[in-house]
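Just below is one structure, and these are the notes that go with it.
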Amino acid sequence: QVQLVESGGGLVQAGGSRRLSCAASGRTFSTNTMGWFRQAPGKEREFVAVIAWSTGSTYYTNSVKGRFTISRDNAKNTVYLQMNSLKPEDTAVYYCAGSRSPGLETVRSAFNYWGQGTQVTVSS
């Protein structure tokens with residue numbers, strides 16, 4: 001099993017920045033990629049970004065390209081999501097997820113492990 005714990009959420013003004021962290025523990029070697037998803041009230045959980053542990057390759061959903069950056073620290077088994085130029089529509093619970101798939105997956109079903117989520121609220 002892999003345990004994922006997110007941190008870094010909170011309240012931020014529009015145009016501001018926030019960095020989320022996701023610490024992985026347990027059988028972390030079983031995951032090949034790590035992703036961030038988010039879920040706004042009344043909406044489906046949606047893909048945000050994904051990164052491969054080994055190569056550092058990344059992929060983003062269009063709405064966050066140029067504003068968000070996903071990165072990883074292999075030594076710390078930690079993945080980050082740097083969020084800049086935040087907008088009120090970025091308000092959501094952000095979830096970290098781990099996938100055993102070798103590809104850069106973007107669908108929920110491809111991810112095997114999930115964190116509990118951290119709330120990010122962007123005020124206008």
Side-chain angles (χ1 to χ4, degrees):
Q1 283 291 342
V2 175
Q3 293 77 44
L4 303 175
V5 179
E6 304 98 332
S7 61
L11 177 65
V12 60
Q13 288 190 333
S17 298
R18 200 82 182 179
R19 189 177 82 157
L20 304 182
S21 300
C22 172
S25 61
R27 298 170 62 88
T28 57
F29 56 85
S30 67
T31 59
N32 289 298
T33 60
M34 297 292 292
W36 286 97
F37 286 73
R38 65 186 180 185
Q39 187 166 16
K43 294 189 177 181
E44 294 290 318
R45 192 174 300 186
E46 64 173 359
F47 166 78
V48 176
V50 62
I51 188 167
W53 278 118
S54 59
T55 65
S57 297
T58 60
Y59 184 77
Y60 299 88
T61 192
N62 285 339
S63 63
V64 307
K65 284 181 181 177
R67 300 189 299 123
F68 290 12
T69 302
I70 188 171
S71 62
R72 91 283 191 223
D73 185 330
N74 293 55
K76 295 182 179 180
N77 287 330
T78 300
V79 174
Y80 304 97
L81 185 68
Q82 177 66 44
M83 306 184 293
N84 299 328
S85 301
L86 281 162
K87 305 175 182 179
E89 51 263 44
D90 293 318
T91 294
V93 177
Y94 283 72
Y95 295 91
C96 174
S99 174
R100 293 193 292 264
S101 171
L104 294 177
E105 304 287 351
T106 63
V107 296
R108 288 179 60 181
S109 59
F111 288 81
N112 309 100
Y113 309 103
W114 292 86
Q116 81 288 350
T118 186
Q119 176 72 46
V120 174
T121 302
V122 184
S123 63
S124 57

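Both backbone and side-chain heavy atoms feed into the values below; hydrogens, waters and symmetry mates do not. Since this is a predicted model, take the numbers as computed values, not measurements.
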Under a 3.5 Å distance rule, please check whether [X] uses its side chain to pair with a backbone N or O of [Y] as donor and acceptor.
X: Asn74; Y: Trp53; value: yes
X: Tyr60; Y: Ile70; value: yes
X: Asn112; Y: Ser99; value: no

Value rounded to 0.5 Å, distance of [atom1] in [X] from [atom2] in [Y]:
X: Thr69; Y: Arg19; atom1: OG1; atom2: CZ; value: 11.5 Å
X: Cys22; Y: Arg72; atom1: SG; atom2: CZ; value: 14.5 Å
X: Thr33; Y: Phe111; atom1: OG1; atom2: CZ; value: 5.0 Å
X: Arg100; Y: Tyr113; atom1: CZ; atom2: OH; value: 4.0 Å
X: Gln39; Y: Glu46; atom1: CD; atom2: CD; value: 9.5 Å

Would you kindly confirm whether Trp114 and Val50 end up in one hydrophobic cluster when ILVMFWY residues are joined by side chain heavy atoms under 4.5 Å apart?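 Yes: a chain of side-chain contacts under 4.5 Å links Trp114 to Val50.
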Quick check: is Val64 connected to Tyr80 through a chain of hydrophobic side chains (ILVMFWY, heavy atoms under 4.5 Å apart)?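 No; Val64 is not reachable from Tyr80 via cluster members.
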Would you mind reporting whether [Y] and [X] have side-chain heavy atoms less than 4.5 Å apart?
X: Tyr95; Y: Leu20; answer: no
X: Trp36; Y: Val79; answer: yes
X: Tyr94; Y: Arg18; answer: no

side-chain contact (heavy atoms from CB on, under 4.5 Å) partners for Gln119, two or more places apart: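 With neighbours one apart ignored, the set is Thr91, Val93, Thr121.
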Partner set under side-chain contact (heavy atoms from CB on, under 4.5 Å) for Thr55, not counting sequence neighbours: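 Thr55: side-chain contact (heavy atoms from CB on, under 4.5 Å) contacts with Ala52, Ser57.
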Can you list the residues that meet the side chain to side chain donor-acceptor pair (under 3.5 Å) rule with Arg108, with sequence neighbours excluded?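 With neighbours one apart ignored, the set is empty.
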Test ring pair (Phe, Tyr, Trp, His ring centres under 6.0 Å) applied to Phe47 - qualifying residues, sequence neighbours left out: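 Partners of Phe47 under the ring pair (Phe, Tyr, Trp, His ring centres under 6.0 Å) test: Phe37.
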Could you give all pairs that pass the salt bridge (charged side-chain N to carboxylate O under 4.0 Å, His left out) test and reach residues 73-94, with sequence neighbours left out?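 The answer is Arg38-Asp90, Arg67-Asp90.
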N/O donor-acceptor pairs under 3.5 Å from side chains in residues 2-17, not counting sequence neighbours:
unit_1: Glu6; atom_1: OE1; unit_2: Gln116; atom_2: N; d: 3.0
unit_1: Glu6; atom_1: OE1; unit_2: Gln116; atom_2: NE2; d: 3.4
unit_1: Glu6; atom_1: OE1; unit_2: Gly117; atom_2: N; d: 2.9
unit_1: Glu6; atom_1: OE2; unit_2: Cys96; atom_2: N; d: 2.8
unit_1: Glu6; atom_1: OE2; unit_2: Gly117; atom_2: N; d: 3.2
unit_1: Ser17; atom_1: OG; unit_2: Asn84; atom_2: OD1; d: 2.9

